[in-house]
Undergrad: 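Quick one: structure below, then a few questions.
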Amino acid sequence: RKIGENGAVGLFSRVFNTPTRQAIGWAALGVIGLGLLAFGLTLLINDDGEDDGRPATPGVTATPSASSSPSRTASPSASASGTVTPSPSASSTNSPTPTPTATGTPTVVAQATQQPAQTQATTAAPTATPAPPTPTPTPPASTLPYCNTIGPTSPPNSIIGQLTIGGSPAPVGTTVTLAFDGVPGPNQATRAVGGYRVDWAAGGADCANKVGAAITVIVNGKSFAAGKVGSGEPAVRVDIAVP
């Protein structure tokens, strides 16, 4: 053994006996060492990737294998009211959107039932007798006096009619007075049961009984309208019913 070791040492001593050869030897040893280191790293990477799936050595990027998973297709369900409710999907696969069926609300048209019109029987109303005039408020008295113009050349006008008091014919002797614009004028007592007559004549512009003055018939303090002076009728009938 000593002879072998001495022989190897003697061989290296003869080969690297100069500084230049020694430098070359060290450089060759370094290259060989780097090659062995690279070979060892390659074996280590291959063993790690194939055995147990452990992470690779830092600095070395492992190429991941892409795996494809089937995507679920969304199944939209349409509700009875026409609203589409899509089911959640695990992938972004576009699926056709179903067309919702619109549910329309029927329109009810109300039909009016035509009822026959009720025919009202019309009967002819009997001819009514004109109601007697009702009392009217006494107009304000005129400041002009009543003028008695009845004479031979000026025939009188007359106001006549039926007279009842409390629903009964007025008795004989009931006083009936005429007033002109509220100024009392001629008066006369009744001569028959239930009837009266009073004569009068128109006066001038300075008289209460001038043309246009309002004539009233006064019985028991109640006044009843009887027209106006200058109507042109010689006799005017006014039926009076005193309450």
Side-chain angles (χ1 to χ4, degrees), residues 104-243:
T105 302
T107 302
V108 179
V109 180
Q111 296 181 354
T113 303
Q114 185 176 4
Q115 298 292 341
Q118 296 181 354
T119 305
Q120 296 181 353
T122 58
T123 58
T127 304
T129 304
T134 55
T136 56
T138 303
S142 174
T143 58
L144 300 176
Y146 170 74
C147 301
N148 185 6
T149 60
I150 299 175
T153 59
S154 178
N157 297 324
S158 301
I159 294 179
I160 61 176
Q162 295 180 350
L163 175 62
T164 60
I165 299 176
S168 300
V172 177
T174 302
T175 302
V176 179
T177 304
L178 299 183
F180 301 87
D181 284 344
V183 178
N187 60 76
Q188 190 171 351
T190 59
R191 297 177 182 178
V193 177
Y196 77 97
R197 174 181 174 177
V198 180
D199 297 332
W200 63 278
D206 56 348
C207 300
N209 52 329
K210 65 183 184 297
V211 176
I215 305 173
T216 56
V217 180
I218 302 174
V219 180
N220 290 349
K222 305 293 184 181
S223 298
F224 303 88
K228 291 184 178 182
V229 176
S231 61
E233 298 179 2
V236 179
R237 178 174 176 171
V238 179
D239 295 331
I240 295 175
V242 181

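Bear in mind that the values here come from a model prediction, so they are computed numbers and not experimental data.
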Undergrad: Which heavy-atom pair separates Val217 from Ala226 by the least distance, and what is that distance?
TA: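 Answer, listing the atom of Val217 first, then Ala226: CG2-CB, 3.9 Å.
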Undergrad: Which heavy atom in Ala202 sits nearest to a heavy atom in Thr149, and how many Å separate them?
TA: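 Shortest heavy-atom separation between Ala202 and Thr149 comes out as O-OG1, 2.7 Å.
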Undergrad: What's the separation between atom CZ in Phe224 and atom CD1 in Ile218, rounded to the nearest 0.5 Å?
TA: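 The CD1 atom of Ile218 is 10.0 Å from CZ of Phe224, to the nearest 0.5 Å.
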Undergrad: Considering only distance and modelled atom types, tabulate donor-acceptor pairs under 3.5 Å from the side chains of residues 182-196, sequence neighbours left out.
TA:
residue: Thr190; atom: OG1; partner: Pro171; partner atom: O; Å: 3.0
residue: Thr190; atom: OG1; partner: Gly173; partner atom: N; Å: 2.9
residue: Thr190; atom: OG1; partner: Thr174; partner atom: N; Å: 2.9
residue: Tyr196; atom: OH; partner: Val238; partner atom: O; Å: 2.6

Undergrad: Please check: side-chain N/O of Asp239 versus main-chain N/O of Ala241, any donor-acceptor pairing under 3.5 Å?
TA: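 It does not hold such a pair.
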Undergrad: For residues Thr177 and Thr175, report the shortest heavy-atom separation together with the two atoms involved.
TA: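 For Thr177 versus Thr175, the nearest heavy atoms are OG1-CG2, 4.0 Å.
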Undergrad: Looking at Thr216, Leu144, Ile215, which one forms a side-chain contact (heavy atoms from CB on, under 4.5 Å) with Phe180?
TA: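 Only one of Thr216, Leu144, Ile215 forms a side-chain contact (heavy atoms from CB on, under 4.5 Å) with Phe180, namely Ile215.
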Undergrad: Minimum heavy-atom separation for Ala208 and Ala213, please, with both atom names.
TA: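 Shortest heavy-atom separation between Ala208 and Ala213 comes out as O-CB, 3.2 Å.
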Undergrad: Any disulfide (SG to SG under 2.5 Å) involving residues 146-177? Give me the pairs, sequence neighbours left out, ordered by first then second residue.
TA: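 Non-adjacent pairs meeting disulfide (SG to SG under 2.5 Å): Cys147-Cys207.
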Undergrad: What I'd like to find out is whether the side chain of Val176 reaches to under 4.5 Å of the side chain of Leu163, using heavy atoms alone.
TA: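 SC-SC contact between Val176 and Leu163 confirmed.
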Undergrad: Give a yes or no answer on whether the side chain of Asn157 reaches the backbone of Ala201 with a donor-acceptor pair at less than 3.5 Å.
TA: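 Here the side-chain-to-backbone pair does not exist.
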Undergrad: So which heavy atom on Lys210 is nearest to which on Asp181, and how close?
TA: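 Minimum heavy-atom separation between Lys210 and Asp181: NZ-OD2, 3.7 Å.
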Undergrad: My understanding is that only residues two or more places apart in sequence, or in another chain, count here; which of them pass side-chain hydrogen bond (donor to acceptor under 3.5 Å, both in side chains) with Asp199?
TA: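 For Asp199, the residues satisfying side-chain hydrogen bond (donor to acceptor under 3.5 Å, both in side chains) (neighbours in sequence not counted) are Ser158, Arg197.
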